[in-house]
Protein chains: 2
Amino acid sequence: MSINITAGQALRLWHQSNLHMVLDDAPDLSVRQIAILLTIYLETPPHTVRGLAQKLNVSKPVITRALDSMGILGLVSRRRDENDKRNVLIQRTVEGSLYLEKLGDMIAEQARQQGEI
Amino acid sequence: MSINITAGQALRLWHQSNLHMVLDDAPDLSVRQIAILLTIYLETPPHTVRGLAQKLNVSKPVITRALDSMGILGLVSRRRDENDKRNVLIQRTVEGSLYLEKLGDMIAEQARQQGEI
DNA sequence: CAATATTGTTTCGGTACCGTATCATTTACG
DNA sequence: CGTAAATGATACGGTACCGAAACAATATTG
């Protein structure tokens, strides 16, 4: 289950994947935005602004603004928690799932191409 | 030599690594800056502003500004090409090497921890 | 109930980045 | 030579993000 790669391989993988993200047509998310997006999609819900801010050790406005930006891109959506109306529950979207699916495929493909000189 | 991982593993690796970069004390570089930095360190020199701009398909000011920022951080340095004084040669630094060494170690470590639940 | 706490958003001033256009310097060429 | 081309840097107006503080809405508590 665990992946064994050298630091050099890791760096080359990071390089190629970052290059692809930059060259890609898709709008470039910041490192923070990517971290937020992946947390929403890979970790167990529910996700709140406060929870994400704590997890990433950033201020709440950072989360609010990232959700604004990524909401415009359709990558996430927000809904009021009906049980506690102070809370906002962050939800996944079809578009976001698709975005991350492509990202995962791209990175795995870059890994596969490592060392093929 | 080639690494075989699933898209899901790639995504989790990306997630954990991005989380570490955000939580890290080191100043957060943008995705573009990281792409530029890794190109300088992993691809064959010489590196020029124009060459990097072409490779990443961005305008030259983007490169100039990224080099300014990363230069202040000590991650790269610049030197005039004495053969053709229009050119600026971008050079690696000890600090930059160290930065990327740590980055590679961190990503490899995250890979190693994949699936350890 | 009133006072306090919690949650997410907005505002504020500031910084950093973007793309386009322009500039200064250097080289190539007619 | 003198003009054109190439290279990198800078100016400019605009956009997006940052942290701190203030805010509105809701929930908790005494």
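Throughout, protein chains are lettered first and strands after them, A, B, ... in sequence-line order, and every chain is numbered starting at 1.
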Using whole Å, report how far [atom1] of [X] lies from [atom2] of [N].
X        : N       : atom1 : atom2 : result
Ile34(A) : dC17(D) : CD1   : P     : 13 Å
Arg50(B) : dA5(D)  : CZ    : P     : 14 Å
Arg80(A) : dA27(D) : CZ    : C1'   : 13 Å
Arg32(A) : dC18(D) : CZ    : C1'   : 7 Å
Asn87(A) : dT9(C)  : CG    : C1'   : 14 Å
Asp28(A) : dC18(C) : CG    : P     : 9 Å
Leu89(B) : dT7(D)  : CG    : P     : 13 Å
Asp81(B) : dT26(C) : CG    : P     : 13 Å

message: With the threshold set at under 4.0 Å for non-hydrogen atoms, list the residues of residues 52-78 of chain A touching DNA chain D in residue-number order.
response: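 By residue number: Ser59(A), Pro61(A), Val62(A), Arg65(A), Ser69(A).
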task: Output yes when Asp24(B) and Lys102(B) qualify as a salt bridge under the 4.0 Å nitrogen-oxygen rule, no when they do not.
output: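 Result for this pair is no, no salt bridge flagged.
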field: Charged N-O contact under 4.0 Å between Arg112(A) and Asp105(A)
entry: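 Salt bridge absent between Arg112(A) and Asp105(A).
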Gln113(B)-Glu109(B) side chain donor-acceptor pair, cut-off 3.5 Å: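 Short answer, yes.
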field: Pair Thr39(B), His47(B): side-chain N/O donor-acceptor within cut-off below 3.5 Å
entry: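 Side chains of Thr39(B) and His47(B): no pair found under 3.5 Å.
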- request: Remember a base hit wins even if backbone is also touched, and classify Glu82(A) as base, sugar-phosphate or nothing at under 4.0 Å, heavy atoms.
  value: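 Counting heavy atoms under 4.0 Å across all strands, no contact is made by Glu82(A).
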message: Any base atoms under 4.0 Å from Ser30(B), or only sugar-phosphate, or nothing? Heavy atoms, all strands.
response: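 Result for Ser30(B) = nothing.
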query: Below 4.5 Å, heavy atoms only, C-beta onward: do Leu56(A) and Arg32(A) meet side chain to side chain?
result: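 Leu56(A) does not reach Arg32(A) side chain to side chain.
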task: Tell me whether the OP1 or OP2 atom of dC17(C) has a side-chain N or O from Gln33(B) closer than 4.0 Å.
output: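 So the side-chain polar atoms of Gln33(B) do come within 4.0 Å of the phosphate oxygens OP1 or OP2 of dC17(C), strictly under.
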message: Between Arg86(B) and dT25(C), is there a contact of a side-chain N or O with OP1 or OP2 at under 4.0 Å?
response: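 Answer no for this pair, as no side-chain N or O of Arg86(B) is under 4.0 Å from OP1 or OP2.
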Shortest non-hydrogen contact from Leu75(B) toward Tyr41(B):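 Heavy atoms only, the tightest pair is O-OH, 2.7 Å.
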- request: Please say which of Val88(A), Leu89(A), Thr48(A) ends up in a side chain to side chain contact (heavy atoms under 4.5 Å, CB included) with Asp81(A).
  value: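 Between Asp81(A) and the candidates, side chain to side chain contact (heavy atoms under 4.5 Å, CB included) is satisfied uniquely by Leu89(A).
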